[in-house]
2 protein chains.
Amino acid sequence: MGISERRERDKERRRAEIIEAAERVFFCKGVDNATMDDVAEAAELSKGTLYLYFKNKEDLYLAIIVRGITILQRAFEEAAKARKKGIDKVAAIGRAYFDFCKTHAQYFSAMLYFESYNLDPGADSGYGVQCTNQTNRTFAICEEAVQFGIDDGTIRPDIDPKKTALTLYGLATGLLQIISIKGKLIRQDHHVNPDELIDTFFDLIAKSLRP
Amino acid sequence: MGISERRERDKERRRAEIIEAAERVFFCKGVDNATMDDVAEAAELSKGTLYLYFKNKEDLYLAIIVRGITILQRAFEEAAKARKKGIDKVAAIGRAYFDFCKTHAQYFSAMLYFESYNLDPGADSGYGVQCTNQTNRTFAICEEAVQFGIDDGTIRPDIDPKKTALTLYGLATGLLQIISIKGKLIRQDHHVNPDELIDTFFDLIAKSLRP
DNA sequence: TATAATTAATGACCCCTGGTCATAGTATCT
DNA sequence: AGATACTATGACCAGGGGTCATTAATTATA
């Protein structure tokens, strides 16, 4: 049975190579400008082969997004682990998110695509569901941190951890989205440094989570 | 000079008719699925004519978005006008935003498109800049409300009104985006009613704006 | 009123790109 | 060595965004 296993490994390696190539191409030219022929060339394969490994262009893009979410998840885990108090865990996760947005801007804007992507509920295959699952796992870390804070008394106990975590996640993502896309505009039209909005956000939230 | 003026009026009417038709088509089939031929047919014109009035498909879509933003702006103005205290103005604007998202879901998701749309800074024509201007006007209402609240003592004075307004705007938009797109998922996977996230948001913010 | 000039509208056409499929090539099994 | 299964290929197709030479209609001119 060694052969079929090696075949499986080869296939996964191929798949990874394609994702790697696609990432280079998409991140460089932008998803919309990049063509599947570009990806094929970068992967040193024919276009048809791409479709043996991925349903379509979107699926390939979602595969890249899964990687991004995984990186973010790791960052969240580290951030939460490194703090003792619940409220600090939450804050650290928030900071980790903003750092991620800066250091992995390409991944982040890819993830925004997924955020505004309506995956059809019928599809149980493909990378769309992986994205959803991975996002849920990432989100779970936030929820745990909030719960931890409630338990150790550093976060007010009258809030629902799940709802709060979901809300915070949505808020932070929205703010980052605006900053990442309209950042220049904010600076030009409003003479505000986008980073200060993040600080404003932290100020606001810190006040509202206090017991 | 009566003739060239009438010509101008005719042209504007045509333009409006096209936008109207495009709105029907785009809102019904979705922008991506709808073709310019669809729009042409709905407008009872040939496809080529559309391009006499709009740079391209995106520009036509942005024209629709301008309408959406204008509706939102009106709603903000009304909301702010109807309250006396600054903090209530802010809250009312927030509620108006959420109402808008529900009652004009199509416009809202169109506006999300603009939100994630990188308009090239070189373009000084087209509807993209109109979107930006209209958004800025809408945002100004939020800023005024915050300032009003600081002045009348219903909002803590140690915050910057512009930064706070920008931040709140971003936060609210982000939350609404997540709800509008992942609402079903939130309900299914997390057993949380999306509307409760909005309440959570209001709770959080109310606490942090208090003097 | 006849003719020229300007403007508006058309739809056949181009071309790019996502996606397919019959064919060819290569490794594995018998 | 031949049969079988799996992988890869690239010519090809379809659909849609965008263009442009041509036509029709309106207005200005003689």
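What you are looking at is a predicted structure, and each value in this text was computed from that prediction instead of being measured. Note on naming: letters A, B, ... go to the chains in the order of the sequence lines (proteins, then strands), and numbering restarts at 1 for each one. What's counted below: heavy atoms across the whole structure, side chains too, no hydrogens, waters or symmetry copies.
For D/dA8, one of the phosphate oxygens OP1 or OP2 lies less than 4.0 angstrom from a side-chain nitrogen or oxygen of A/Arg14. Phosphate contact (OP1/OP2 of C/dG11, side-chain N/O of B/Lys47, threshold under 4.0 Å): absent. The shortest distance between the side-chain N/O atoms of B/Tyr53 and the OP1/OP2 oxygens of C/dA9 is below 4.0 Å.
In this structure, A/Thr49 reaches the bases: a heavy-atom distance under 4.0 Å links it to at least one base atom across the strands shown. Note on B/Leu52: a base of the nucleic acid sits closer than 4.0 angstrom, heavy atoms only. Residue A/Phe54 is out of contact with every strand shown, counting any heavy-atom pair closer than 4.0 Å. Using a 4.0 Å heavy-atom cutoff across all strands shown, A/Ala40 reaches no nucleic acid atom at all.
In this structure, the nucleotide among C/dG11, C/dG19, D/dT9 sitting nearest to the side chain of A/Ser46 is D/dT9. Distances were taken from every side-chain heavy atom of A/Thr35 (C-beta onward) to each of C/dT20, C/dT17, D/dG17; the shortest belongs to C/dT17. For B/Arg7, the listed nucleotide lying nearest its side chain is D/dT27; candidates were D/dT27, D/dC6, D/dG17.
Atom-to-atom, CG of B/Asp38 to P of D/dG15 comes out at 13 Å; the value is rounded to the nearest Å. As rounded to whole Å, 16 Å separates atom P of D/dG16 from atom CG of B/Leu60. Residue A/Leu50 contributes atom CG, which lies 9 Å from atom P of D/dT9 at whole-angstrom precision. The OH-C1' distance, from A/Tyr61 to C/dG18, rounds to 17 Å in whole Å. Rounded to an integer number of Å, the gap from A/Met36 CE to D/dG10 P is 16 Å. The separation between A/Lys29 atom NZ and C/dC16 atom P is 12 Å, rounded to whole Å. If you measure from atom CD of B/Glu12 to atom C1' of C/dA8, you get 15 Å, rounded to the nearest angstrom. A straight line from CZ of B/Arg15 to C1' of C/dA9 spans 15 Å, rounded to a whole angstrom.
For B/Lys47 and B/Phe54, the positive end is not near the middle of the six-membered ring at less than 6.0 Å and at most 45° from its axis. For the pair A/Arg74 and A/Phe100, the NZ or CZ position fails the cation-pi test of under 6.0 Å to the six-membered ring centre and within 45 degrees of the ring normal.
Heavy atoms of other residues, nucleotides or ligands lying less than 6.0 angstrom from CZ of A/Arg95 number more than 12.
The residue among B/Asp32 and A/Lys11 whose nearest nucleotide of DNA chain D lies closer to the 5′ end is A/Lys11.
Ring-plane geometry between B/Tyr97 and B/Tyr169 is classed as parallel, the angle between the planes falling under 30 degrees on a 0 to 90 degree scale with a further cut at 60.
A salt bridge between A/Asp10 and A/Arg7 is absent, with no side-chain N of the basic residue lying under 4.0 Å from a carboxylate O of the acidic one.
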